[in-house]
Amino acid sequence: MHADQIRYGVIGTGMMGVEHIENVLHLDGTTVTAVADTNADRRAIGANAARELGSPEVVEFADHREMLDSGLVDAVVIVTPNMTHADVLSDVLATDLHVMVEKPLCTTIDDCQRVVDAAAQGSPHRVVWMGLEYRYMPPTTAMLNEIRSGTVGNVKMVAIREHRLPFLEKVDDWNRFNRNTGGTFVEKCCHFFDLMRLATNAEPVRVYASGAQDVNHLDESYGGEVPDIIDNGFVIVDFDNGARGLLDLCMFAEASKNEQEISVTGDAGKIEALVTESVLRVGRRSDGQHVISERVISDENIRHVGLHNGASFLEHVDFLEAIRSGSPAKVTLVDGMRSVAIGLAAHRSLDLGRPVDMSEVFPNA
Ligand SMILES: NC(=O)c1ccc[n+]([C@@H]2O[C@H](COP(=O)([O-])OP(=O)(O)OC[C@H]3O[C@@H](n4cnc5c(N)ncnc54)[C@H](O)[C@@H]3O)[C@@H](O)[C@H]2O)c1
């Protein structure tokens with residue numbers, strides 16, 4: 001092992017944990033020295049994935065706290081179910097280890113605030129990174145760069161459509177219940193609320209939602225309990241600079257060309273990112289009606305495409321760069337908390353049947 005090699009430990013080696021192992025091991029100067037999972041079968045799968053990609057020394061732990069005490073790791077990736085993030089991350093933040101935590105940060109604002117406060121107490125030299133990798137989808141990144149360079153002028157509207165397949169099966173079926181996930185608008189849609197904040201360069205003030213569980217998982221039962229997670233809905237978000245966002249979510253729409261279609265319109269033009277096709281369309285009003293430039297977006301830095309179009313790899317490139325250079329995280333726990341807060345406001349709007357001010361769910365907004 002090289003002296004400057006960064007040693008990673010992965011906590012939670014289910015579907016996404018293995019994805020992280022594969023991405024970490026496509027970077028230069030990295031190794032996975034430990035995995036922790038409460039499930040012995042998943043732990044073995046995670047360890048084998050690491051061994052197959054050139055980390056023969058990987059040690060398995062049933063309890064993540066033993067991994068943290070082992071001295072075997074420099075950086076930790078938390079990839080456990082949503083409802084466990086608060087406690088697992090709190091344990092990691094009590095050390096000086098670098099950490100990336102998967103979205104959603106936590107399932108409640110109180111838990112988000114608890115870990116944000118804990119992160120602020122720790123060593124300024126450790127990197128605490130929020131995993132919100134949809135920022136790193138190549139067409140989405142290209143779209144955000146165009147917006148920042150002024151292509152569409154002042155952003156007024158952000159419409160994000162996610163039409164996709166139903167939630168996959170997870171270890172012990174944790175994702176079938178809102179109490180574990182935080183609710184679909186938190187679990188799945190925190191990515192999109194994060195993108196709305198970036199595209200508008202503003203913070204939300206009010207959220208209106210309509211949605212239901214109309215099609216998926218209604219014939220399933222776990223210990224006699226039928227899943228309660230919504231599978232479709234619309235969410236409107238008003239931002240503090242007057243811009244507005246719309247999320248259009250459908251999770252029984254796998255018969256679609258694109259999983260995400262994002263449209264951002266400003267006073268000078270419109271930009272669209274089509275994520276599955278990896279296409280960017282740009283039109284400026286000054287060029288006239290129906291005049292559009294369209295280009296396919298690729299990123300030659302991607303060494304592992306994985307399950308998310310290379311976004312996980314690019315996210316890990318930046319996390320590693322921050323660790324090596326000592327620079328602050330580009331995606332913070334506060335970003336994570338704010339994206340969760342919009343999702344929680346959307347669920348409150350559904351429950352109460354009325355618009356919800358962000359101050360109702362997030363007093364520090
Ligand atoms: N960024 C993305 O697009 C994306 C995609 C999928 C999942 N995720 C997130 O990744 C996380 C994991 O999701 P998944 O799809 O891999 O689920 P999963 O069920 O496949 O895996 C979760 C793993 O965590 C283990 N686990 C549970 N409690 C644990 C604990 N206390 N300590 C150690 N291990 C524990 C389980 O045994 C399981 O192996 C979730 O937070 C999810 O929201 C993010």
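Under the 4.5 Å side-chain criterion, counting only non-hydrogen atoms from C-beta, E254 is in contact with P166. At a threshold of 4.5 Å between non-hydrogen side-chain atoms, the residues Y136 and H308 do not count as touching. Residues L105 and L89 have side chains in contact (heavy-atom distance under 4.5 Å, counting atoms from C-beta outward). Counting heavy atoms from C-beta outward, D91 and L68 have side chains that approach closer than 4.5 Å. Between R42 and V35 there is no side-chain heavy-atom pair separated by less than 4.5 Å. The shortest side-chain heavy-atom distance between T13 and I45 does not fall under the 4.5 Å cut-off. The shortest distance between side-chain heavy atoms of K330 and F319 does not fall below 4.5 Å. Side-chain contact between R148 and L198: present, with at least one pair of heavy atoms (C-beta onward) separated by less than 4.5 Å.
The two residues C189 and L249 come nearest to each other via the heavy atoms SG-CD2, 3.8 Å. Looking at every heavy atom in both residues, R51 comes nearest to N48 through NH1-OD1, 3.0 Å. What you find for S327 and V127 is that their closest heavy atoms are O-CG2, 4.0 Å. The minimum heavy-atom distance linking V10 with G17 is given by the pair CG1-O, 4.0 Å. Of all the heavy atoms in R126 and A118, the pair that sits closest is NH2-O, 3.7 Å. Counting all heavy atoms, side chain and backbone alike, T200 lies closest to A243 at CG2-CB, 3.8 Å.
Formation of a donor-acceptor pair under 3.5 Å by the S349 side chain with backbone atoms of R354 is found in this model. Under a 3.5 Å cut-off, the side chain of R244 and the backbone N or O of M157 do not form any donor-acceptor pair. Of the possible donor and acceptor atoms, none in the side chain of N175 sits under 3.5 Å from a partner among the backbone N and O of T181. Panel note: side chain T332, backbone D335; a donor-acceptor pair is recorded below 3.5 Å. A donor-acceptor pair under 3.5 Å links the side-chain atoms of D240 to the main chain of E203, judged by distance alone. Looking at D194, its side chain never comes within 3.5 Å of a backbone N or O of C190 through a donor-acceptor pair. Here the side chain of N23 pairs a donor or acceptor atom with the backbone of F313 at under 3.5 angstrom. The backbone N or O of T33 lies less than 3.5 Å from no partner atom in the side chain of T31, so there is not a single donor-acceptor pair. In this structure, T276 contributes its side chain and E259 its backbone to a donor-acceptor pair below 3.5 Å. No donor-acceptor distance shorter than 3.5 angstrom exists from the side chain of D172 to the backbone of W174, with no hydrogens or angles considered.
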CA sep, side-chain torsions, deciding dist, call: T140, Y134, side chain to side chain contact (heavy atoms under 4.5 Å, CB included): CA-CA 7 Å; T140 308; Y134 279 44; 5.7 Å; no
V128/L333 under side chain to side chain contact (heavy atoms under 4.5 Å, CB included): CA gap, chis, key distance, verdict: CA-CA 7 Å; V128 180; L333 297 196; 3.6 Å; yes
Test log, rule side chain to side chain contact (heavy atoms under 4.5 Å, CB included), inputs H64 and V76: CA-CA 10 Å; H64 66 275; V76 170; over 6 Å; no
Criterion side chain to side chain contact (heavy atoms under 4.5 Å, CB included) on I160 and F193, from CA distance to verdict: CA-CA 9 Å; I160 301 182; F193 300 133; over 6 Å; no
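Under a 4.0 Å N-O distance rule, the pair E146/R295 qualifies as a salt bridge. With respect to the salt-bridge test (charged N to carboxylate O, under 4.0 angstrom), the residues R179 and E225 qualify. A salt bridge does not link R7 with E57: every distance from a Lys NZ or Arg NE/NH1/NH2 to an Asp or Glu carboxylate oxygen is 4.0 Å or more. Look at D231 and K188 and you find no salt bridge, because none of the NZ, NE, NH1 or NH2 atoms lies under 4.0 Å from a carboxylate O. The existence of a salt bridge linking D318 and R135 is excluded, since no basic side-chain nitrogen approaches an acidic carboxylate oxygen closer than 4.0 Å. A salt bridge does not link D37 with R43: none of the charged nitrogens is closer than 4.0 Å to a carboxylate oxygen. Under 4.0 Å is where a charged nitrogen must lie from a carboxylate oxygen, and between D111 and R114 at least one such pair does. R303 and D28 are joined by a salt bridge, as a carboxylate oxygen and a charged side-chain nitrogen come within less than 4.0 angstrom of each other.
Distance check: D287 CG to I292 CD1 gives 9.0 Å after rounding to the nearest 0.5 Å. With rounding to the nearest 0.5 angstrom, the CZ atom of R324 is 5.0 Å from the CG atom of D4. Here the CZ atom belonging to F362 is positioned 10.5 Å from the CG atom belonging to L344, to the nearest 0.5 angstrom. Atom CD1 in I271 sits 11.5 Å away from atom CZ in R281 (nearest 0.5 Å). If you take CD1 on I342 and CZ on R197, they are separated by 7.0 Å, rounding to the nearest 0.5 Å. The OG atom of S210 sits 7.0 Å away from atom CG of L350, with the distance rounded to the nearest 0.5 Å.
Under the 4.5 Å side-chain heavy-atom criterion for grouping Ile, Leu, Val, Met, Phe, Trp and Tyr, L307 is connected to F192 within one hydrophobic cluster. Hydrophobic clustering of Ile, Leu, Val, Met, Phe, Trp and Tyr side chains at less than 4.5 Å, counting indirect connections, keeps I21 apart from V171. Put simply, L274 and V296 are part of the same group of oily side chains (I, L, V, M, F, W, Y) that touch within less than 4.5 Å, one to the next. Both L72 and V32 belong to a common hydrophobic cluster when Ile, Leu, Val, Met, Phe, Trp and Tyr are linked at side-chain heavy-atom distances under 4.5 angstrom. With hydrophobic clusters built from ILVMFWY side chains whose heavy atoms lie under 4.5 angstrom apart, V59 shares a cluster with V73.
Other residues sharing a hydrophobic cluster with L352 under the 4.5 Å side-chain heavy-atom criterion for ILVMFWY residues do not exist; the residue is a singleton.
D117 and Q113 share a donor-acceptor pair across their side chains, judged by distance under 3.5 Å alone.
When the side-chain hydrogen bond (donor to acceptor under 3.5 Å, both in side chains) test is applied to D357, the partners found at least two apart in sequence or on another chain are R206.
Checked against the 6.0 Å centroid threshold, H347 and F185 count as a close aromatic pair.
Put simply, the residue from H20, H316, H26 that forms a ring-ring contact (aromatic ring centres under 6.0 Å, His included) with H304 is H26. Among N145, T151, I147, the one residue that satisfies the side chain to side chain contact (heavy atoms under 4.5 Å, CB included) test with S149 is T151. Residue L247 forms a side chain to side chain contact (heavy atoms under 4.5 Å, CB included) with just one option from V237, L195, V235, V158, and that option is V235. Partner of Q260 under the side-chain hydrogen bond (donor to acceptor under 3.5 Å, both in side chains) criterion, out of E162, H163, H191: E162 alone.
Within 6.0 Å of the NZ atom in K170, the count of heavy atoms belonging to other residues, nucleotides or ligands exceeds 12.
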